[in-house]
Amino acid sequence: MEPVVELKEERSMNFLERIIEDDLANNRVPDNTIVTRFPPEPNGYLHIGHAKAICINFGMAEKYNGRCHLRMDDTNPEKEEQEYINAIQDDIHWLGFDWNDYFYHASDYYQTLYEIALNLIKDGKAYVDSLSAEQMKEYRGTLTEPGKESPDRNRPIEDNLRLFEEMRQGKHAEGSLILRAKLDMASPNINMRDPALYRIKFATHPRTGDTWCIYPMYDYTHPISDAIEGITHSMCSLEFEDHRPVYDWATSIDGIDHTPHQYEFARLNITHFVLSKRKLLHLVKHRLVLGWDDPRMPTLCGMRRRGYSPESIRDFISRVGVAKVESVVDYNLLEFCVREDLNKRAQRVMAVLDPLLVVITNYPKDKVEWLDAENNPENPQGGTRLIPFSGEIYIEKEDFMEVPVKGYHRLYPGNEIRLKHAYYITCNEVIKDDQGNVVEVRCTYDPESKGGTTPDQRKVKGTSHWVSVPQAIDCEVRQYDKLFLTEDPGVSTGNYLDDLNHESLVVLSHVKCEPSLKDAQPGEYLQFIRNGYYMADSKDHSVEHPVFNRTVTLKDSWSKKMKKIHQ
RNA sequence: UGGGAUGUAGUGUAAUGGUAACACUGCAGAUUCUGGUUCUGCCUUUAGGGGUUCGAAUCCCUUCAUCCCAGCCA
């Protein structure tokens, strides 16, 4: 027999991989080891947009046998907190990446950065400016007009040295003086118009405490930190493109390693999502969601709590690809990725969200049978479990119609359906309350159909999930949906908050579940058959009060069809 | 309107001078003890206009569109 040639499905290279492979091939990388970095500012929680940067930086290092440093970009003590530093590390680990011993803080380099600044001043390449913030803005010029040089630009070196020293000693008020690089006030690139290097801030830093009252700016700190750590490829998002000349300036300062180069890629946008720290912070602060880890949040901790697997997120990022075009990815792709991953791994269980009582009139009273149910049809090794069956069960209200619509093949008077893993039942009688609501359905079962097939091989079109009444356990189920109704929140209304989905969380407090669910743990991927993927809530779930979060619904072509008919 | 970038199906990403493709979405159908999964098929693409070339998504010119930049934020 011919050997089967396995075609490895290799994704084509993106532009960053091309650059790296080219650099490697042409011996432009020291020790032939690429070194990347992920440099979050610890002023908020990581979201799925960051996951892209994480996957790119850690992923490239992994792919090319290099390494990736985790560096906290902590140069603004007014905004940054230790709480965020810890959360960031957790989230990266959860995604499945590790920085090993290469964990740094920009604040590790404060002393070096300070000495380099001193040298710049001595070389006449930096000066202390006493222009106020407003004046500086005026002097900077505009997008179309060049800036003007500050009167302090030619301050004698000795004076600059003395003033900078006084700044460091805390002898000057915040905002009164600033250290600037002497670049080019006429540059068409505003970032090159004598960028600020150091500002005075009398703020306590989470790591350096009150050691410093002058703090270096991003444009100065970032490239030099990269150089110190021997970063070879510094990959960041597009908005830093205009800063690259400043980056190149900083890495060409005397005594600085000029290995690092900056490359920019487009950040991630997803329809129906907001991914701006400012907007996310607003949602949290104004209690429009219940915290950073609210399962509706696009934060990694939120998605994790919601039941997303790290694998599905990494797959999503990999499918989105890397390019320089600003783009908006369809959230359907994200849902596709979770469903695909969870379909393979989720334990199947039965839960009835909106119960309707079914009495099986010919089933022996008080009899209970324990039936075998497969745990995952996608995984034959997944085994089976026992589920109880009795003469009184719940099915979904949706699975019964007194007067069926065209195409409906669930339960209705006279129709036979299969109860998953159990028996065939036929509806004979409908019981209603005074208002005419169906409160109970009476059926007969076929003892021959045990296990879901009959000796005569007759077909039934519908299969329903169900839960036996006496053994059912009561659960709270949180039905999460998109946080925003529109694809691009705020674009048509002018305010993203106007597009909030007020039904993004629907709590069902009396869901009937099969008894095996009492052992469910947060972290276990579940599928409520015919409904969706769920996970026990990591904060509120307990054996006494089980709480499950809906990660994502199953695809539902029937309800889609119905929706279309009703339009 | 200065500078920097970017334009390929509805969305995202390939094709790097040689037959425009893959995935998602959408639409049909088959299979199915989940109206799930799986499988099949279909729809739809190089921003516009010139040029170079036997041959252009790719090179050149030009027009247009979109995004980013005037923090002592990152």
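Throughout, a chain's letter reflects where its sequence line sits, starting with A, and its residues are numbered from 1.
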side-chain hydrogen bond (donor to acceptor under 3.5 Å, both in side chains) filter on A/D446, not counting sequence neighbours, yields A/R458
Suppose we define a pair by two distances each less than 3.5 Å, Watson-Crick or G-U wobble; what does [N] pair with here?
{"N": "B/rC64", "value": "B/rG7"}
{"N": "B/rU37", "value": "none"}
{"N": "B/rU32", "value": "none"}
{"N": "B/rG2", "value": "B/rC69"}
{"N": "B/rA21", "value": "B/rU13"}

With B for base contact, S for sugar-phosphate-only contact and - for none (protein heavy atoms under 4.0 Å), nucleotides 39-44 of chain B reads ------
Its contact letters, B for base, S for sugar-phosphate only and - for none at protein heavy atoms under 4.0 Å, make nucleotides 66-74 of chain B read -SBBBSBSB
- Establish, with yes or no, whether the OP1 or OP2 oxygen of B/rU13 is under 4.0 angstrom from a side-chain nitrogen or oxygen of A/S327. yes
When you check the phosphate oxygens OP1 and OP2 of B/rG35, does a side-chain N or O of A/R530 lie under 4.0 Å from one of them?
yes
Between A/D74 and A/H105, a side-chain donor and acceptor under 3.5 Å
no
When the [atom1] atoms of [N] and [M] are considered, how many whole Å apart are they?
{"N": "B/rG18", "M": "B/rC59", "atom1": "C1'", "value": "15 Å"}
{"N": "B/rA47", "M": "B/rC67", "atom1": "C1'", "value": "15 Å"}
{"N": "B/rU1", "M": "B/rA70", "atom1": "C1'", "value": "14 Å"}
{"N": "B/rC22", "M": "B/rU40", "atom1": "P", "value": "13 Å"}

Between [X] and [Y], does at least one N-O distance fall below 4.0 Å, as a salt bridge requires?
{"X": "A/R244", "Y": "A/E264", "answer": "yes"}
{"X": "A/E241", "Y": "A/K324", "answer": "yes"}
{"X": "A/K79", "Y": "A/E41", "answer": "no"}
{"X": "A/R319", "Y": "A/E340", "answer": "yes"}

Its glycosidic angle compared against 90° from 0, B/rG55 adopts the form anti
Is a donor-acceptor contact shorter than 3.5 angstrom present between the side chain of [X] and the base of [N]?
{"X": "A/R410", "N": "B/rG35", "value": "yes"}
{"X": "A/R319", "N": "B/rU13", "value": "no"}
{"X": "A/E398", "N": "B/rG35", "value": "no"}

Margin query: Is there a side chain to side chain contact (heavy atoms under 4.5 Å, CB included) between A/F240 and A/Y247? Walk through the geometry before answering.
Written below: CA-CA 10 Å; A/F240 294 101; A/Y247 187 100; over 6 Å; no
Of B/rU37, B/rG12, B/rG2, the nucleotide closest to the side chain of A/V320 is B/rG12
Closest of B/rU34, B/rU25, B/rU6 to the A/V325 side chain is B/rU6
RNA chain B nearest-nucleotide lookup for A/L419 and A/E378: closer to the 5′ end is A/L419
Between A/E241 and A/S449, the residue closer to the 5' end of RNA chain B by nearest nucleotide is A/E241
Under a 4.0 Å heavy-atom cutoff, the residues of residues 554-564 of chain A touching RNA chain B are A/L554, A/K555, A/D556, A/S557, A/W558, A/K560, A/K564
Note to self: Heavy atoms only, 4.0 Å cut-off, all strands: where does A/R348 land among base, sugar-phosphate and nothing?
What the structure shows: base
Measuring centre to centre across the rings, with the benzene-like ring taken for any Trp, is A/Y220 within less than 6.0 Å of A/Y198?
yes
In terms of the angle between their ring planes, are A/W292 and A/Y84 parallel, tilted or perpendicular, with boundaries placed at 30° and 60°?
perpendicular
Sorted by chain and number, sequence neighbours left out, salt bridge (charged side-chain N to carboxylate O under 4.0 Å, His left out) with A/D152 holds for A/R155
Quick note, salt bridge (Lys or Arg N to Asp or Glu O under 4.0 Å) partners involving residues 176-190 of chain A, not counting sequence neighbours, are A/D129-A/R180
